[in-house]
Protein chains: 2
Amino acid sequence: MRLKKYTDYALRVLMYTATKNEEKVSIKEIAETFFISSEHIRKVVHQLSKAEYIETTRGRNGGIVLAKSPTDINIGSVIRIMENDFYLLECFDDGHNQCVITPACHLRHVIGEAMNAFFQVLDQYTLADLMENKEELRALMNQ
Amino acid sequence: MRLKKYTDYALRVLMYTATKNEEKVSIKEIAETFFISSEHIRKVVHQLSKAEYIETTRGRNGGIVLAKSPTDINIGSVIRIMENDFYLLECFDDGHNQCVITPACHLRHVIGEAMNAFFQVLDQYTLADLMENKEELRALMNQ
DNA sequence: AAAAAAGATGTATTTTTTATACATCTTTAT
DNA sequence: ATAAAGATGTATAAAAAATACATCTTTTTT
Ligand code: SF4
Ligand code: SF4
């Protein structure tokens, strides 16, 4: 059981961007901060932008800013969007389920309940909660 | 985010075995019930046996029985054993973590808390809970 | 003793998913 | 025009998971 690296990268992009209040940040500087190829960050940024968490501006002096206040960026929602696939079990994917006991199986409800508990925790936090020690984070990011 | 098919197969083996109280069951019949190759079931059975959830007997009239009462087989523990890897994030794997903000990052604690909530639910259930409607399950398994 | 039925072990292959890289746009301030 | 930024599409590589194959060993029955 793992989350995708892209999901984590997405949160890093949001955290990095949040350290620079209204100032624009570039894909390049995020990539260099975390020692990740700009290529990956680029894709993550694209998705975050489509989901309207950030606003991007092309061209010279372009860059990225948050599209809303950190208090309005919910961690659970970010993870749901980045992690497209939550088919923890075969029977969660109606289209491909071939398990014969599905109609009577309690296991699927137990796992479903566990997954809900997982998200219930995530849904309680926003980007603002992650930025509570903004200065400390900024220092580690070598700003 | 997915569980491995093997993890689910392991639970199916346990549920199937639980429907036949003390009677031995064979890998072949489990495989045929769920339309899965015996090869996969064999591996799962091997792991379940090593973890002492089931007892296997070789030879003619051999087969599988539960090694303990369904009330003593905790779902969370089965999943923890079958699913070896819970490195939801890069920083969860000390050996390979290169994330620069790890010392100050709150995200990792949020995800950790969510994962705990996930297991806390699973830890509340045992195989016995899944067998509450044993007859219904048995019918779907064509017994 | 031989045969058959069961599980044990080890290894190899294939498929799927995820991660990564490359090439080529488009936009915009200077 | 040019340079600096992001946008898009596609291709490749690496890792993980799923699947298959071959060959044991154990035990009961005949
Ligand atoms: S055994 Fe239960 S949980 Fe697993 S795939 Fe079948 S219905 Fe779903
Ligand atoms: S950003 Fe936080 S959660 Fe993600 S790898 Fe770094 S320390 Fe871990």
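Proteins come first, then strands; the chains are lettered A, B, ... in the order of their sequence lines, and each starts at number 1. All values below were derived from every heavy atom in this structure, side-chain atoms included, with hydrogens, water molecules and symmetry-related copies excluded.
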On DNA chain C, nearest-nucleotide positions of A/L3 versus B/V45: which is more 5'?
-> B/V45

Between P of D/dA14 and NE2 of B/H96, the distance in whole Å = 16 Å

Is there a ring pair (Phe, Tyr, Trp, His ring centres under 6.0 Å) between B/F86 and B/F118 once you walk through the steps?
-> CA-CA 12 Å; B/F86 291 102; B/F118 182 81; 8.0 Å; no

Of A/K43 and B/Y9, the one whose closest DNA chain D nucleotide lies more 5' | A/K43

Separation of D/dA15 atom P from A/K4 atom NZ, nearest Å, is 18 Å

Assign a letter to each nucleotide of nucleotides 23-30 of chain C from its 5' end: B, base within under 4.0 Å of a protein heavy atom; S, sugar-phosphate only; -, no contact.
-> B--BBBBS

For atom CG of A/D85 and atom C1' of C/dT16, their distance in whole Å | 11 Å

Look at atom CD of B/Q120 and say whether more than 12 heavy atoms of other residues, nucleotides or ligands are closer to it than 6.0 Å.
-> no

Spacing of B/Y87 atom OH relative to D/dA17 atom C1', expressed in whole Å = 18 Å

Look at the side-chain N and O atoms of A/H46 and state whether any lies under 4.0 Å from the OP1 or OP2 oxygen of D/dG6.
-> no

Is the shortest side-chain N to carboxylate O distance from A/R12 to B/E90 below 4.0 Å?
-> yes

B/E90 atom CD is separated from D/dA15 atom C1', nearest whole Å, by 15 Å

Please examine the side chains of B/L88 and A/D8, heavy atoms only from C-beta on, and report whether any two atoms are closer than 4.5 Å.
-> no

Side-chain donor-acceptor pairs of residues 37-49 of chain B under 3.5 Å, sequence neighbours excluded:
residue, atom, partner, partner atom, Å
B/S37, OG, B/E39, N, 3.0
B/E39, OE1, B/R42, NH2, 2.2

Go through the steps for A/E29 and A/K20 under the test salt bridge (Lys or Arg N to Asp or Glu O under 4.0 Å), then give the verdict.
-> CA-CA 12 Å; A/E29 70 180 288; A/K20 314 263 188 162; 3.5 Å; yes

Specify the residues of residues 20-33 of chain B, ordered by number, for which at least one heavy atom lies under 4.0 angstrom from an atom of DNA chain D.
-> none

Rounding to a whole Å, what distance do you find between B/D8:CG and D/dT19:P?
-> 12 Å

Ignoring backbone atoms, test whether A/H40 places a side-chain nitrogen or oxygen under 4.0 Å from the OP1 or OP2 oxygen of C/dT20.
-> yes

Checking A/R80, A/R2, A/E83 against A/T7 for side chain to side chain donor-acceptor pair (under 3.5 Å), the one that qualifies is A/E83

Rounded interatomic separation in angstrom, taking CD1 from B/I64 and C1' from C/dA5 | 14 Å

Would you kindly give the CE-to-C1' distance between A/M1 and D/dA17, to the nearest whole Å?
-> 17 Å

Would you say B/K28 has more than 12 foreign heavy atoms packed within less than 6.0 Å of its NZ?
-> no

C/dA8 phosphate, OP1 or OP2: any side-chain N/O from B/T56 under 4.0 angstrom?
-> yes

Establish whether the base of C/dT17 is bridged to the side chain of B/K5 by a donor-acceptor pair shorter than 3.5 Å.
-> no

Would you mind checking if A/E113 and A/R108 are paired as a salt bridge, meaning a charged N to carboxylate O distance below 4.0 Å?
-> no

